[in-house]
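What follows is one structure encoded as structure tokens, with my remarks underneath.
Convention: sequence-line order gives letters A, B, ...; per-chain numbering from 1.
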There are 2 protein chains.
Amino acid sequence: MSGAKMDGSLNKIGPKTNPRISDVARVAGVSTATVSRVLSNPSMVSAKTRDHVLAAVTETGYRINLAARNLRRRQSGGIVVLVPHLSNPFFSQILSGIARVASEAGLNVLVADTREPEGADRQIADYLFNNRADGLIVLDGNLPESMFQPPHNDRDMPPVIFACEWVEGHDEPAVTIDNRHGAALAVEHLIALGHRRIGHIMGPRDNILTRQRADGVRDALSAAGLEADQRWFLDGDFTLASGIAAAPHWLALDERPTAVFCSSDAMACGFMSELNRHGVQVPGDVSVVGFDDIEIAAHFIPALTTIRQPRGAIGEVAAGMLLDLMRGPDKDGKPAEGGSRTLPIELIVRNSTAAPNPSRT
Amino acid sequence: MSGAKMDGSLNKIGPKTNPRISDVARVAGVSTATVSRVLSNPSMVSAKTRDHVLAAVTETGYRINLAARNLRRRQSGGIVVLVPHLSNPFFSQILSGIARVASEAGLNVLVADTREPEGADRQIADYLFNNRADGLIVLDGNLPESMFQPPHNDRDMPPVIFACEWVEGHDEPAVTIDNRHGAALAVEHLIALGHRRIGHIMGPRDNILTRQRADGVRDALSAAGLEADQRWFLDGDFTLASGIAAAPHWLALDERPTAVFCSSDAMACGFMSELNRHGVQVPGDVSVVGFDDIEIAAHFIPALTTIRQPRGAIGEVAAGMLLDLMRGPDKDGKPAEGGSRTLPIELIVRNSTAAPNPSRT
DNA sequence: GCGCTCAATGTAATCGATTACAAATACCAT
DNA sequence: ATGGTATTTGTAATCGATTACATTGAGCGC
């Protein structure tokens, strides 16, 4: 009687605690070391034992405890992605690309919005130096330089990859596109249509992409012997709202450009939307080109001519490079590729561009 | 001389290992237990020692090792969010709301796309039962029932909150809006404008939101004594592409509705975009109402009349409820609020709706 | 059969924090 | 002074996997 009771309470009704590696080891008749090796370095174990262990794993329903592994391996098991404005649809595809390769490697992906008002800086430093991340992908080129110096003297920092944007003066590897060339492509398209007065809605003043794309605009204009009138370069910040804000400035110009190249699709949409409210037709009265090729671009009214960035690929490549860096210098001493990569872009012609209306030229 | 050298090599150039809790303890002249208490339960420690410890923390630049804490506390320090289609801009604001309250609580947020082709099911189960998450927010109501039963008998599962959508037959708490009422609001608006033939582009057939919103449409129609012609209920799946696909079906109808209520803004945009390609004017030839109020809605051409969902709030409330659940039954035995919550919605009237054109009615 | 190498496995220390329990101290009422 | 309670702090076990090192045994050349 008391024996049965003891038996029951000890073996069957035990507090349903998850199986540990030692449970698997017991079932398989091996040591915990062997189980661990089967799970993370199978080639070290003979095929026969491996099968036993695997069988024991499924029998017990064992799932590894990541906190324990991470503690022992002195890692965090995650990477963080620093995004300016999480709600910007431009980033979603990049994130999805990152997530694809990271999850393949068993890594968690943490996303932090660098423009959140709530003490963003402190929080990001937290991610950086709080053992939360084994690696970092930065999509925001306007972070303070200081953020990449550890606050306490010689603490080590996880590897960093920049993507899309980057902080100048840093030699961290980056995954980018040729922004200057992309902008030139857009403007060349407008020139080919016959436009002679071409405006440009720019990104934020202090942004690296803004400068590069504006340079591309000037390249194309001067190659065609056209003037780059400074009054036709309007301010923006990549957001839809700033495209709206640019419209009245364009409307107020003495001699309006017959075409406008916007440094982001969001601005192009905002710009066209506001022009429409004022009765200005695209492309009848003005042609508009965007940059990015976000999903809505193809379905805006009119469908937006734009420069396509391979956003999924950017994310995948960035994550892949980060993984290389995290694995550290290869066994052969090969320093794990320090280089940056530039991915190809493409001009997508849709309905927002046309030859200039002769009556208004 | 040699003393100076020893000093230097021993103290300064030591292998730059991060400080541990014991280093802080030594500097502060207390035990590790006390340091730990200052960090996670300050009220247990006298003010004087607390100050000493805090000073030692900043002096050493100590940062807690989360893997160690998580291991000891038997938690993972994160929550996962299950999203259908990460790239859908509808979700970004919800995620941002979730992230806001989660990061306040020091929790990582992991996002998984349930519609990724790559063995999504296995991966999600991994998140669920692999000690990766202390809690779960599900934004996808079409997950297989089985996903919420642990595969191995009595393993315990983290608490779950549904948001927006939910799986029927489950009694997990949910954060939702009144979809039926929202749809009714939209249709009532159209009726008030004078429309008598009103169509509806629906979400996926097996989706709970689809059914509720379709019911709302019928409510409003029958309250006005109007017919709910089944041929005017067109299929869709919430995506922009499906809105495009619905357009030819609407065009092919014998007696076209003069107004269409779309069950998502994305579909409304796609629908309008495709109508535009066919020379159909909105709202001149047909009025369109959306649902969600995503960012582009206000700036589409024409600006879209829609039902606004408080997306940030949905995320925040869901995360808050999840935190309550994770903290478990309160000390007083109060079972941590099992209830669901319904957040308010709002009709936003813009330019995509107008009175029906008399010449076509 | 001897000694050697190599492969497969086991033993036990370790990662760094948390917390049950114990010990010390202070304060108070009797 | 004595015992009792409340507060503060310390000691040491513990969370669950990984891995350096030790051990065993098989295979092989002579």
Rounded to whole angstrom units, what separation is found between the CZ atom of B/R69 and the C1' atom of C/dT19?
13 Å

A/Y62 side chain near D/dA17 phosphate (N/O to OP1/OP2, under 4.0 Å):
yes

d(CZ, B/R74; P, D/dT14) in whole Å
12 Å

Roughly, in whole Å, what's the span from CZ in B/R63 to C1' in C/dA17?
16 Å

Do B/S76 and B/D134 have a side chain donor and acceptor closer than 3.5 Å?
yes

Once you round it to whole Å, what is the distance between C1' of D/dT19 and CG of A/L71?
13 Å

Take a 6.0 Å sphere around CZ of A/R50 and say whether it holds more than 12 heavy atoms from other residues, nucleotides or ligands.
yes

Quick test: give all pairs of protein nitrogen or oxygen and nucleotides 20-26 of chain D nitrogen or oxygen below 3.5 Å, distance rounded to 0.1 Å.
none

Verify whether one side chain among B/R26 and B/S22 offers a donor that lies under 3.5 Å from an acceptor in the other.
no

Matching residue for B/L136 among B/V80, B/I79, B/L110 - test: side-chain contact (heavy atoms from CB on, under 4.5 Å)
B/V80

Indicate, with a heavy-atom threshold strictly under 4.0 Å, whether B/S46 touches base, sugar-phosphate, or nothing.
sugar-phosphate

Could you check how far CD1 of B/I64 sits from C1' of C/dT19, rounded to whole Å?
14 Å

Report the nucleotide, chosen from D/dG16, D/dG10, C/dT18, that has the shortest atom-to-atom distance to any side-chain atom of B/S36.
C/dT18

Spell out, as yes or no, whether a donor-acceptor pair under 3.5 Å connects the side chain of A/T60 to the backbone of A/A56.
yes

Candidate list A/L39, A/V53, A/N18, test side-chain contact (heavy atoms from CB on, under 4.5 Å), partner A/Y62, passing option:
A/L39

Select one nucleotide: of D/dT8, C/dA17, D/dT18, the one nearest the side-chain heavy atoms of B/T49.
D/dT8

With sugar-phosphate meaning primed atoms plus P, OP1 and OP2, does B/V30 contact a base, only sugar-phosphate, or nothing at under 4.0 Å between heavy atoms?
sugar-phosphate

In degrees rounded to 10°, what angle is found between the helical axes fit to the five outermost pairs at each end of the helix from C/dG1-D/dC30 to C/dT30-D/dA1?
40°

Rounded to the nearest 0.5 Å, how far apart are CZ of A/R115 and NE2 of A/H85?
5.5 Å

If you find the nucleotide of DNA chain D closest to A/S40 and the one closest to B/R50, which residue's nucleotide is nearer the 5' end?
B/R50

What is the minimum heavy-atom distance between B/T32 and B/A25, and which atoms define it?
N-CB, 3.7 Å

What nucleic acid atoms does B/L66 come within less than 4.0 Å of, heavy atoms only: base, sugar-phosphate, or nothing?
nothing

Closest-nucleotide ordering on DNA chain C, the 5'-leading residue of B/T34 and B/N65
B/N65

Rounded to whole Å, the CG-P distance (B/N41 to C/dT18) equals 11 Å

Where the side chain of B/V45 is defined as all heavy atoms beyond and including C-beta, which of C/dT18, C/dA8, D/dT9 is the nearest nucleotide?
D/dT9

Donor-acceptor under 3.5 Å (B/T114 side chain, B/V83 main chain):
yes

Under 3.5 Å donor-acceptor, B/N41 side chain and B/M44 backbone:
no

Of A/S43 and A/T32, the one whose closest DNA chain C nucleotide lies more 5':
A/S43

Ignoring backbone atoms, establish whether A/R73 has a side-chain N or O less than 4.0 Å from OP1 or OP2 of C/dC15.
no

Separation of atom CE in A/M44 from atom P in D/dT18, rounded to whole Å
13 Å

When rounded to whole Å, the CD1 to P distance for the pair B/I21 and C/dC15 reads 15 Å

